[in-house]
Amino acid sequence: MDPDSEISFDFSPFLCQYKSGRVVRHGSNATVPAGTDPLTGVVSKDIHVGAARARVYLPPGTAESPAKAKLPVIIYFHGGGFVVGSPADPSEHAYLNDLAARAGAIGVSVYYRLAPEHPLPAAYEDCWAAVRWAATRADPWLLDHADLSRVFLAGCSAGANLAHNMAVRASAASALPDGVTVRGLLAVHPYFNGTEAVGAEAASLGPEVREHMDRAWRFVCPGSVGLDDPLVNPFADDDDDARAAVARIPCERVLVCAAEHDSRLKERALWYYRELKASGYAGEVDLFESKGVGHAFHLGKLHSEEGVELQQRTVAFIRK
């Protein structure tokens, strides 16, 4: 069979890789440029400084009022299984415009390289480069308007995994400059996993599904030990070092968000919430569950009742 038409790995709904190495991503490749959002008045621009790439968002009126109080900074990581997505995706861009406007915060939405062309840990390295860039105020918008004592790491799905791992990195001595404080971690429908089923997974995710999950993780992270890799399972039973690292994350509070009909990841969100509370982490841990909706629903239904409710809960977490 032609290796350019024979599937090597089917990572639906995201992409297929063929035996020739050709990768075909499903869905739209649409992107939107940075600029002024007519709906919210938020202004955005793209930056590329060294290894750091991001789309930066300013709430309406900020640029014209440099004397205003400094604003919190939300460093955001998009989802997409580590293989699709971008800050320029129309739904991601709309979400950040809405969040920056509602929260009165500067948004930094991170571009990172995608697997399988750039396997993990490439995305983690790119995200950390963007965090470090933001932490040094290496842009006039951040220099003039950012309060880096109020930094929030946030993400959805794989992006929540990235946000969590950035918080772990930020706990290391001298990881961030003096005066930079990660105030909170927002994990929306987080992508985590593990070899052992948790909660209702034993009944809802059979052996074939779990085998595919393992293959999918190894697909994006070749050479990994599998689903108990601390990058995807921060609470593996036999990894005391990983658990201790999580307990040291430097933020004051964590908000974990789940979706009632998220068939594959709801139980992991609840598990992450329980395990984090039990880990010895000294901050506040809260849980919010959206009813009647599925995974990452808000990106397509931002102005639905449930989408607005989730956004209001997010804004309250940032403003607390």
Side-chain angles (χ1 to χ4, degrees), residues 34 36-37 40-47 49-50 52-78 87 93 95-111 127-155 159-160 162-188 248-255 282-286 311-320:
T36 301
D37 179 51
T40 63
V42 171
V43 181
S44 60
K45 66 178 179 180
D46 287 328
I47 67 94
V49 181
R53 296 185 63 220
R55 180 165 290 189
V56 187
Y57 296 78
L58 274 185
T62 304
E64 294 78 23
S65 304
K68 289 178 67 175
K70 301 291 187 179
L71 305 177
V73 178
I74 305 167
I75 304 178
Y76 177 80
F77 311 94
H78 69 79
H93 183 62
Y95 174 76
L96 262 295
N97 278 316
D98 188 77
L99 181 58
R102 288 178 183 267
I106 298 171
V108 178
S109 185
V110 179
Y111 289 93
C127 290
W128 184 242
V131 171
R132 288 282 306 173
W133 170 83
T136 59
R137 292 187 176 90
D139 183 87
W141 285 7
L142 293 168
L143 183 64
D144 292 342
H145 306 294
D147 178 0
L148 292 183
S149 71
R150 292 186 291 161
V151 173
F152 294 83
L153 302 174
L162 289 161
H164 160 85
N165 279 288
M166 295 307 102
V168 171
R169 288 197 182 198
S171 68
S174 302
L176 297 175
D178 290 343
V180 178
T181 301
V182 179
R183 191 70 63 88
L185 168 62
L186 174 66
V188 180
R248 292 193 300 269
I249 59 175
C251 42
E252 297 174 355
R253 55 189 187 272
V254 177
L255 176 62
E284 301 175 12
V285 188
D286 291 322
Q311 199 75 307
Q312 288 174 338
R313 185 66 181 83
T314 299
V315 170
F317 174 74
I318 292 165
R319 288 183 172 177
K320 183 176 177 181

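Owing to the predicted nature of the structure, the values given are computational and were not obtained by experimental measurement.
Among Ile47, Val56, Thr62, the one residue that satisfies the side chain to side chain contact (heavy atoms under 4.5 Å, CB included) test with Trp141 is Val56.
Across all non-hydrogen atoms, the minimal contact from Val180 to Ala135 is CG2-O, 3.5 Å. When all heavy atoms of Ala167 and Leu153 are compared, the pair lying nearest together is N-CD1, 3.6 Å. Smallest separation of non-hydrogen atoms from Ile249 and Ser171: CA-CB, 4.2 Å. Between Ala163 and Gly155, the shortest heavy-atom contact is CB-N, 4.1 Å. Between Ala34 and Lys45 the shortest heavy-atom distance is CB-CA, 3.6 Å. Of all heavy-atom pairs spanning Ala129 and Ala52, the tightest one is O-CB, 3.7 Å.
Atom CG of Leu162 and atom CD1 of Ile75 lie 12.5 Å apart (nearest 0.5 Å). Atom CG in Leu255 sits 5.0 Å away from atom CZ in Arg313 (nearest 0.5 Å). To the nearest 0.5 Å, atoms CG (Leu142) and CG (Asp147) are separated by 11.5 Å. Distance check, rounded to the nearest 0.5 Å: NE2 of His78 to CZ of Arg55 gives 11.0 Å. Taking OG1 from Thr36 and CG from Asn97, the interatomic distance works out to 9.5 Å, rounded to the nearest 0.5 Å.
No donor-acceptor pair under 3.5 Å is formed between the side chain of Arg150 and the backbone N or O of Gly184. Counting only distance, with no hydrogens or angles, the side chain of Arg248 and the backbone of Val168 share no donor-acceptor pair below 3.5 Å. Looking at Arg253, its side chain does come within 3.5 Å of a backbone N or O of Phe317 through a donor-acceptor pair. When atom types are taken as modelled, the side chain of Lys70 and the backbone of Asp144 share a donor-acceptor pair closer than 3.5 angstrom.
Contact of the Val131 side chain with the Phe77 side chain is registered, since non-hydrogen atoms from C-beta on lie closer than 4.5 Å. Looking at heavy atoms from C-beta onward, Trp133 lies in side-chain contact with Asp139 at the 4.5 angstrom threshold. At least one side-chain heavy atom of Pro177 sits less than 4.5 Å from a side-chain heavy atom of Arg132.
Taking 4.0 Å as the cut-off between side-chain N and carboxylate O, Glu284 and Lys320 count as a salt-bridged pair.
Scored by the side chain to side chain donor-acceptor pair (under 3.5 Å) test, Tyr57 finds His93 as partners (sequence neighbours excluded).
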For residues 98-109, dump all side-chain donor-acceptor pairs below 3.5 Å to protein atoms at least two apart in sequence or in another chain.
| unit_1 | atom_1 | unit_2 | atom_2 | d |
| --- | --- | --- | --- | --- |
| Asp98 | OD1 | Arg102 | NE | 3.3 |
| Asp98 | OD2 | Arg102 | NE | 2.8 |
| Asp98 | OD2 | Gln311 | NE2 | 2.8 |

Criterion side-chain contact (heavy atoms from CB on, under 4.5 Å) on Met166 and Val182, from CA distance to verdict: CA-CA 10 Å; Met166 295 307 102; Val182 179; over 6 Å; no
